[in-house]
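See structure below.
Because the structure is a prediction, the values reported are computed rather than measured.
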Amino acid sequence: MDRLGESAFLVQVGEFSGPLDLLLTLIRDEQIDIYDIPVARIAEQFLIRIKTLGLDDAADYLEMAARLIRIKAQMLLPRREGEEGWDDPRAELVRRLLEYQQVREVVDVLDRLSEDRRGKFARGYMPQQFTSPAPAAAPLALSLPELFAAVDRVLRLAKKPTIHDVVPRALDVEGAIAIVRDILALRQSCRWRDLVSSGSQPWEILSVLLALLEMAKRGEVKLRQDRAFTEVEINGEPASEAA
Amino acid sequence: MSPLAKLLEAALFASSAPISRESLAALDSDVTDDEVAGALTELRTQYDESGHGVELIETGGGWQILTRAEFTDAIERAQLASRPARLSAAALETLAIIAYRQPIGRAEVEEIRGVNCGAILKSLHERALIEVTGRAEGMGRPLMYGTTPAFLEQLAIRHLDELPRADELAVALRPAAEA
Amino acid sequence: MSPLAKLLEAALFASSAPISRESLAALDSDVTDDEVAGALTELRTQYDESGHGVELIETGGGWQILTRAEFTDAIERAQLASRPARLSAAALETLAIIAYRQPIGRAEVEEIRGVNCGAILKSLHERALIEVTGRAEGMGRPLMYGTTPAFLEQLAIRHLDELPRADELAVALRPAAEA
């Protein structure tokens, strides 16, 4: 039932759609003039409500609670008599509440319209008839939103965000040494081509090369090339078997 | 019914989405826009006056045939079709803000709603009700959202200007709010 | 038209599959089979005699409303003519990867998409949306692809900078992943 996001989309989570909704409800219930909010009282009521509704761990509600308390404190600051330029600390809150009220009014309109539309069905049965591709001459329709949606799909495919960065694969010299040993255990000598197939990845080729150099250094193999650009011959050193 | 009205009816029946006026006109290269408009009126009148179970409406930049609302319950009960899920208040609030303020960034939507809107924006985007229209100039160059034709279809309206104008709303914003 | 014929019309229109006689009868518990048969005849006659663009047909699966055959050519032609070519989802994804990762080789595109992209790269190239920008260093010196000025023109942007960064899009479009 509670699928994140989807559930918030279809069913309202909790009684209120946000702290402004709750605040507006309190103001309506208390029959308060929105331009002259008794902040101390409303702040107290707000805190009580978010506790009883179990919303007191929701960041958005807590932020509003903090804001109300701040305004309450500012209201308590002494005002100089006859001061003209006094900024009502509630002004910003009032502006936001009015703006939100306007949004709710639009919501009522949208809700009514979409309810009307929901009550009507579009054509359901679609015989497969229009399957031919668009002619090549047709102008191309490509829009930013389409591209962004494609980026979104690609990101969705990539489970981890950085998974497709090209990370040089660590060389596996030990593994390559083991492979060379296995091959030399079967036959006395082998060639470069036997160790590296045409489909080898660069890291595999490098690993084999380093393995051979390392083994030559240890005296485990002897590398021989008759002429430049000819095949390298790899011979196992009998002595190494004792080592 | 005129031949053109019959042709339009066939095309509209064959589509589950609205068809634009231009596409309807393209059905017959010999007809004028006025003739298409006339045939649409003829078809609408036919549906209304002969008492059909469907009606012709103009929506989201096109024309569409829909069933009449009075039959919805019976059709749904018989499980022949089902209504889409209703939008939550949170989704409608977000859509309302985007519809009236587009192009608008996420931060501004959240400022107006007073809540985090990430999950809602995602759902609305997945349902193609909103789209990313580009990015703003300035700080951080935030992504901007706008509504789509599917949004108009969702409301069965032709155009955004069918929604009440901001100054027609009962609670008009005071000029100070335009900062 | 009788109320039952209207109801049947609405149901046949809204259903995603042909409807059997039994299901049609189930739409209204008060009606008899004979009444349903009568209403179907009424609807068929209405379509045939008032000269509609659609007709009522009984097939193996049940009853359905279909576009009259004489209009299908015109509808198909018009749809083709009015429908601008759209890139497939696969082509869009490939284009998106190239736009964001250019210069990029075919192997890397294929690794990200998990499928062979040869034909898609060819068609994007033919549409002049991508071009070969050079060769990479290293094994096999693969061809590297990038987007073209025509690509920017299609999107009505001046510069690639105007595209949001991929990680920004990830956050904007999929905020649930933040959790």
Side-chain angles (χ1 to χ4, degrees), chain A residues 4-13 16-23 34 58-61 63-64 91 94-127 129-130 143-149 152, chain B residues 12-17 55 57 59 64-69 72 75 80-81 83-93 95-97 99-100 111-116 119-120 122-125 127 131-134 143 148 153-157 163-164 166 169-174 176-177:
Chain A
L4 195 73
E6 190 73 359
S7 66
F9 188 77
L10 300 177
V11 192
Q12 191 159 321
V13 182
F16 301 98
S17 67
L20 287 166
D21 189 16
L22 171 54
L23 207 50
I34 201 165
D60 301 321
Y61 288 87
E63 198 218 319
M64 178 59 75
V94 170
R95 183 193 69 76
R96 287 188 65 189
L97 281 168
L98 288 174
E99 188 175 47
Y100 182 71
Q101 229 175 0
Q102 191 187 39
V103 170
R104 292 309 297 252
E105 207 178 325
V106 175
V107 164
D108 290 342
V109 175
L110 298 187
D111 194 32
R112 183 171 47 75
L113 289 170
S114 61
E115 273 308 279
D116 287 351
R117 174 62 186 81
R118 273 181 79 237
K120 298 167 182 180
F121 294 116
R123 171 74 156 163
Y125 182 60
M126 285 295 107
Q129 35 187 344
F130 307 115
S143 66
L144 273 179
E146 253 184 323
L147 183 74
F148 295 156
D152 184 37
Chain B
L12 290 163
F13 250 85
S15 171
S16 60
E55 61 185 332
I57 65 154
T59 175
Q64 185 175 25
I65 298 174
L66 294 175
T67 59
R68 289 184 195 275
T72 302
I75 293 171
L80 294 170
R83 283 194 270 192
R86 189 173 181 164
L87 297 181
S88 70
L92 286 172
E93 280 179 17
L95 280 174
I97 293 165
Y100 278 77
E111 153 75 13
I112 295 172
R113 286 199 57 222
V115 293
N116 184 300
I120 290 290
K122 173 177 176 272
S123 294
L124 293 175
H125 185 262
R127 277 159 206 253
E131 61 190 6
V132 176
T133 57
L143 296 182
T148 62
E153 273 172 53
Q154 177 92 22
L155 306 175
I157 60 173
L163 297 176
L169 297 170
V171 187
L173 281 185
R174 294 190 299 177

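- The backbone N or O of F121(A) lies less than 3.5 Å from a partner atom in the side chain of T67(B), making a donor-acceptor pair.
- Note that CG of L155(B) is 10.0 Å distant from CZ of R112(A), once rounded to the nearest 0.5 Å.
- Within the 4.5 angstrom heavy-atom criterion, no atom of E63(A) approaches chain B.
- Here the straight-line distance linking atom OG1 of T59(B) with atom CG of L113(A) works out to 10.0 Å at 0.5 Å rounding.
- Annotation: maximal heavy-atom pairing with chain A below 4.5 Å, among A81(B), A99(B), G134(B), occurs at A81(B).
- For chain A, the nearby parts of R83(B) are the backbone and the side chain; heavy atoms of each come within less than 4.5 Å.
- Interface check for chain B: of the options V109(A), L23(A), D111(A), the most heavy-atom pairs under 4.5 Å are formed by D111(A).
- Panel note: side chain R118(A), backbone P84(B); a donor-acceptor pair is recorded below 3.5 Å.
- Looking at D60(A) and N116(B), their side chains come closer than 4.5 Å, going by heavy atoms from C-beta outward.
- Using a 4.5 Å heavy-atom cutoff, the side chains of L163(B) and L110(A) are in contact.
- S17(A) is not listed as a side-chain neighbour of V115(B), based on a closest heavy-atom distance of 4.5 Å or more.
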Hey, mind stepping through R68(B) and K120(A) against side-chain contact (heavy atoms from CB on, under 4.5 Å) and telling me if it holds?
CA-CA 6 Å; R68(B) 289 184 195 275; K120(A) 298 167 182 180; over 6 Å; no
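- When atom types are taken as modelled, the side chain of R123(A) and the backbone of F13(B) share a donor-acceptor pair closer than 3.5 angstrom.
- Looking at E111(B) and R96(A), their side chains come closer than 4.5 Å, going by heavy atoms from C-beta outward.
- Contact of I157(B) with chain A is made through the side chain alone, with heavy-atom distances under 4.5 Å.
- Rounding to the nearest 0.5 Å places CD of E99(A) at 13.0 Å from CZ of R113(B).
- Residues Y100(A) and E93(B) have side chains that bring a donor and an acceptor to within less than 3.5 angstrom of each other.
- Heavy atoms of Q64(B) lying under 4.5 Å from chain A belong exclusively to its side chain.
- The side-chain heavy atoms of L66(B) and R117(A), taken from C-beta on, include a pair separated by under 4.5 Å.
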